[in-house]
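One structure is given below, encoded as structure tokens.
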Amino acid sequence: MTNITMPKAYNPTEVEEELYTWWEQQGFFRPEQQIELGLADPKAESFVISMPPPNVTGALHLGHAITSSVEDLLIRYNRMLGRPTLWVPGTDHAGIATQNVVERMLDKQGITRQQLGRARFIEEVWSWKAEYHGRITAQQKRMGISSDWSRERFTLDEGLSSAVREAFITLYNEGLIYRGKRMVNWCPRCQSAISDLEVEYEEENGKFYTFRYPLKDGGYLEVSTTRPETILGDTAVAVHPDDARYQHLIGKTALVPILNREIPVIADSYVEMDFGTGALKVTPAHDPNDYEIGLRHQLPMINIMNGDASLNANAGPYAGFDRFEARKKLWADMREAELVVREEERMHQVGHCQRCHTIVEPLLSEQWWEKMQPLAEPALEAVRNGSIQIVPERFEKTYYQWLENIRDWCISRQLWWGHRIPIWYGPDGQTFAARNEQEALQQASAHYGESVVLEQDPDVLDTWFSSGLWPFSTLGWPEQTTDLAQYYPTTVLETGYDIIFFWVARMIMMGLKFTGQAPFKTVYLHGLVRDELGRKMSKSLGNALDPLDLIAEYGSDALRFSLLTGGTPGNDMKLSTTRVEANRNFANKIWNATRFVLMNLEGHQLPLAADSKPYDMRYQLPEPAQLSLADRWILSRLENIQNEVTRLINGWQLGEAGRQLYEFLWNEYCDWYIEAAKVRLNDGRPTEAQATRQVAAFVLEQSLRLLHPFMPCVTETIWQNLPSLGGDNRALIVSRWPQLTGHADAGADDAFGRIQEIVRTIRNARSEYNVEAARRIATQINAGDYAQVLQDNVALLTRLAQLDGNAVVIAPDLPAPEKAVTLVTSGVTIYLPLAGLVDLDAERKRLQKEIETIDKQAQRIEGLLGNPGFTNKAPADVIERERAKVSELQEKRGQLAERLSALAV
RNA sequence: GGGCGAAUAGCUCAGUUGGUUAGAGCACCUCGUUUACACCGAGGGGGUCAGGGGUUCAAGUCCCUUUUCGCCCACCA
């Protein structure tokens, strides 16, 4: 890595891509290389994440960006801890979604997939895949993610396809996959069955139609429906067996309107007497509940629809009409026949296809199903017994509820793009599950005793079937590869909470089923990114912020840091560009702090720590005796922030860790330490200046490590610019996570804190009295116990508070000057003889007001300390803190009162 | 119908075993071209932590309840 000179402002786009290429070429993303270089301990437990594979034809959006940010943080942190670290990337063929995209594209050319034929169409999709795969992976790399691209997989590649076949055949042979004619959710546009999860219900304004069901013997029964066209498929009218109103009708015959088909009036306790008219039309082929009733009463099941939701011959005169046309027409005809009672407006839930938003039609269809309950039991147990931990914990409840009520999964899709179901049918419909046609033929000839022609099931599997195998299929399963042995089970599964059911739960079930082990130890769920108004970002709303635009404008680090620190685990986050901008500024701030340090290093050597190793080069700290108060303070704060960040990351409080680092670097390091360091750097003796250079560089360097998982690019770029550290094969990305001890310094914390307080107080007074910024003012400090510390740091005080160095008097006990503004901090009284600015009258009022404020505070605490409940029950340190506070207040009050009485004359 | 989450400064959000005077960024006001940074520095204004009740010496934090908003699950025609 070549050093670049540091311009005045950090320009992320200039360095990010080059940096990424370099990291990748160095092999730092690969566990083998980490071990080879001695960066990772081969005996340490590996840290592994399977990346949630994005849709191969999709484009990077903020959902991917947050996933990448969180996972890369975890990967980088663990890599720095010296664990062999593997992040397996890949893409998903995304069955329906991708097929739809390609169909739409063909549609623009006026071509349907049917015209193209299956083979040609799939070829077309593969060429799309080739084109768009490059786009999505390039976009992910633009995020700076450190995944091992040499292990990249695709759900439809040969290895994963064989995993899918293996899984299917195993489940089939165990009876956990079966074929059956049942009620499915049918998307008339996709012309495929979809699973329950792929139906999105929306509250919609609809109509509630009530009409007369004519009885054969005359008279009628009032019945209501939201879908009148289904009347054409009715095979019964049901009433509650105990319903007195309808007792006499049970067993009679009703006539389907218009069609005049005879159907029975039956009694079934599913019917609720006080809902609607208390009578229910039963359409077993087009409603899940009616289907159940139909089974109970052995009713005929009349399918009235074609795959595109137009009506078929069973609909008589309505055949050929679209379902909604038919609805209108039938209702009009019924009105004509005087069967209509009323129409009411009513809100009801309408199911839509997740992928194309078409209204889903429940219908009876022959599909492949996976029996879920036997798989759900161990999956529930794995979370209950803690083998898998879900973060945040509250999602465990969601997980339990779904699995406890799980229903069989419709896994077949009437699509072309996907894993073809590995089932072949013989001439008599006999099924053979096999890895390929040859194997199927072998089974068939054994079965029939002669060779026959087989036909493979035309359907493909739900795209989530292959996703469910992802953590182990990507590592080589069903082959017993070394990767599988070494890196499975994975460590963390990180994703959005919106795919707990689609993906997380299924991976757990499949993982336990096929490997006997939970596929990961922790599930970390992040929230969804929303726009500034809290809406889900979507292309159709036009409110989607494009991560690539944000990266181009502010840099990937700024975006990443915003996503990491913008919220809390599992909670949604509104992302605004102002926050990204603020974080871009943060990167620039660190950049410039570095420029400051480097400018001061010119012409000076920085010795490296004696125990530095090639991948853990650290600066040597000066002897303790040479440290200034500020040096000791910032080292103490560094150790504190190191411990906090480590604790917070380990506790999954990633955002809080980032926010604290921001505070540390900006406020403590830049605003206070660097300003303090200028005293010695500019005016100190050479040994003092050198000591401060060493501390400044040391703290910066160690802070960069802590910040690296949050802002990898700017930190690495800076680090490579620090003298003696970087190099062709040395990098921050593989440096060690700081483990400082022995720098905590309560004395320095207190003393420097006192100086901060004094400086702030003086600055405040200067501002209040409109002292020009450049004017250096005389100061007398009655410093009590702090006299020595302040005397030792008089240059520091002078610089930070803009004092007149020749007119600073510090003593343990100092008489008050005649005319001066009096400032009181704990234990220290400061006099500013602001000639010409002090209005004694106003000064008295100010002092009086301050005394009042103090009295109010003291009163509260004295009340607390006077309360036996508090003194008996509160922990000792809390009581001690309150005592100290009150005595400090009393002291302050004394100082102020004394001053006030001196001015009273 | 069940479940979950949110409600804290004008806006977006932190505040995790209950314990200083509740914080940050943005916005706002005042001042500032000191050789790291105007993508900056210094100072400042601004909050009865949604309402009510309870537990506790102590509640933004725990419990109950109400209201508003959001999400998930669920077969009421």
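As a basis for the values below, the full set of heavy atoms in this structure was taken, side chains included, without hydrogen atoms, waters or symmetry mates. Note on naming: letters A, B, ... go to the chains in the order of the sequence lines (proteins, then strands), and numbering restarts at 1 for each one.
- Pairing for G70(B) is with C4(B), a Watson-Crick or G-U wobble pair whose two hydrogen-bonding atom distances lie under 3.5 Å.
- Contact check on Lys678(A) versus Asp683(A) returns no salt bridge, with no Lys/Arg side-chain nitrogen under 4.0 Å from an Asp/Glu carboxylate oxygen.
- Here the nucleotide nearest the side chain of Phe275(A), chosen from A77(B), C37(B), G25(B), is A77(B).
- Spacing of P atoms, C29(B) relative to G46(B), comes out at 16 Å, to the nearest Å.
- Closest to the Arg763(A) side chain, of the nucleotides G44(B), G19(B), A42(B), is A42(B).
- Looking at the side chain of Thr226(A), the nearest of the listed nucleotides G41(B), C39(B), A77(B) is A77(B).
- Contact check, Lys574(A) against C13(B): a side-chain N or O comes under 4.0 Å of OP1 or OP2.
- When the nucleotides A6(B), A77(B), U20(B) are ranked by their closest atom to the side chain of Lys885(A), U20(B) comes out on top.
- Side-chain contact between Tyr201(A) and Val360(A) is absent, with no heavy atoms from C-beta onward closer than 4.5 Å.
- Nucleotides C4(B) and C76(B), compared at atom C1', are 24 Å apart to the nearest Å.
- As judged by a 4.0 angstrom heavy-atom cut-off over every strand, Gly570(A) is placed among residues making no nucleic acid contact.
- The phosphate of A14(B) has OP1 or OP2 within less than 4.0 Å of a side-chain N or O from Thr568(A).
- Within the 4.0 angstrom heavy-atom criterion, base atoms lie near Arg584(A).
- Gly567(A) comes within 4.0 angstrom of the backbone, heavy atoms only, and of no base.
- Nearest-nucleotide mapping onto RNA chain B: of Val597(A) and Ala279(A), the residue sitting toward the 5' end is Val597(A).
- Taking atom P on both nucleotides, C69(B) is separated from U8(B) by 15 Å, rounded to a whole Å.
- Across all strands, Pro868(A) comes closer than 4.0 Å to no nucleic acid atom at all (heavy-atom distances).
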> For Glu16(A) and Ser556(A), what are the C-alpha separation, side-chain angles and deciding distance, and is it a side chain to side chain donor-acceptor pair (under 3.5 Å)?
Replying inline: CA-CA 8 Å; Glu16(A) 286 181 351; Ser556(A) 72; 3.2 Å; yes

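- Not one side-chain nitrogen or oxygen of Asn867(A) sits closer than 4.0 Å to the OP1 or OP2 atom of A58(B).
- The base of C26(B) is not paired with the side chain of Arg579(A) by any donor and acceptor separated by under 3.5 Å.
- Judged by the 6.0 Å and 45° rule, Arg346(A) forms a cation-pi pair with Phe208(A).
- Comparing Tyr662(A) and His348(A), the nucleotide of RNA chain B nearest to each residue sits closer to the 5' end for Tyr662(A).
- Taking every side-chain heavy atom of Cys670(A) into account, A36(B) is the closest of G15(B), C40(B), A36(B).
- Inter-residue side-chain proximity for Ile66(A) and Met573(A) is flagged as met; some heavy-atom pair is nearer than 4.5 Å.
- Within residues 281-291 of chain A, the residues approached by RNA chain B to less than 4.0 Å at the level of any non-hydrogen atom are Asn289(A), in residue-number order.
- The side chain of Arg407(A) contributes an N or O atom lying less than 4.0 Å from OP1 or OP2 of C75(B).
- At most 12 non-hydrogen atoms from other residues, nucleotides or ligands lie less than 6.0 angstrom from CD of Glu393(A).
- Nucleotides C31(B) and C37(B) have their P atoms positioned 24 Å apart, rounded to a whole Å.
- Here C37(B) is the nucleotide among A77(B), C26(B), C37(B) with the atom lying nearest to any side-chain atom of Asn592(A).
- OP1 or OP2 of C73(B) has not a single side-chain nitrogen or oxygen of Asn405(A) nearer than 4.0 Å.
- At least one test fails for Arg754(A) against the ring of Trp672(A): distance under 6.0 Å to the centre or angle within 45° of the axis.
- As judged by a 4.0 angstrom heavy-atom cut-off over every strand, Lys8(A) is placed among residues touching the sugar-phosphate backbone only.
- For the P atoms, the distance linking A9(B) with G51(B) amounts to 11 Å, nearest Å.
- The side chain of Phe870(A) approaches G19(B) more closely than any other nucleotide in the set G19(B), A36(B), G5(B).
- Taking the side chain of Ala9(A) as heavy atoms from C-beta on, and the options G32(B), A77(B), C39(B), the nearest nucleotide is C39(B).
- Residue Trp672(A) is classed as having no contact, given no heavy-atom separation below 4.0 Å to the nucleic acid.
- Residue Asn600(A) is out of contact with every strand shown, counting any heavy-atom pair closer than 4.0 Å.
- In this structure, Tyr270(A) reaches the bases: a heavy-atom distance under 4.0 Å links it to at least one base atom across the strands shown.
- The pair Glu888(A)-Lys885(A) fails the salt-bridge criterion, with no side-chain N (NZ, NE, NH1 or NH2) lying under 4.0 Å from an Asp/Glu carboxylate O.
- On the C1' atoms, U65(B) is 15 Å away from U55(B), given to the nearest whole Å.
- Salt-bridge annotation for Lys856(A) and Glu852(A): absent, with no side-chain N of the basic residue lying under 4.0 Å from a carboxylate O of the acidic one.
- Contacts of Phe586(A) with the nucleic acid, taken as non-hydrogen atoms under 4.0 Å apart, are absent.
- Here, G41(B) and G5(B) have their C1' atoms 41 Å apart, quoted to the whole Å.
- Taking atom C1' on both G25(B) and C40(B), the two are 16 Å apart, rounded to the nearest angstrom.
- With hydrogens and angles ignored, a donor-acceptor pair under 3.5 angstrom links the side chain of Glu675(A) to the base of A36(B).
- The residue Ala582(A) sits close only to the backbone: its heavy atoms come under 4.0 Å of sugar-phosphate atoms, none of a base.
- Checking C37(B), A77(B), A6(B) against every side-chain atom of Asn588(A), the shortest atom distance belongs to C37(B).
- Nearest nucleotide to the Arg760(A) side chain, out of A77(B), C73(B), G43(B): G43(B).
- Using a 4.0 Å heavy-atom cutoff across all strands shown, Glu768(A) reaches no nucleic acid atom at all.
- For a distance-only test at 3.5 Å, the side chain of Lys397(A) fails to qualify as a donor-acceptor partner of the base of C4(B).
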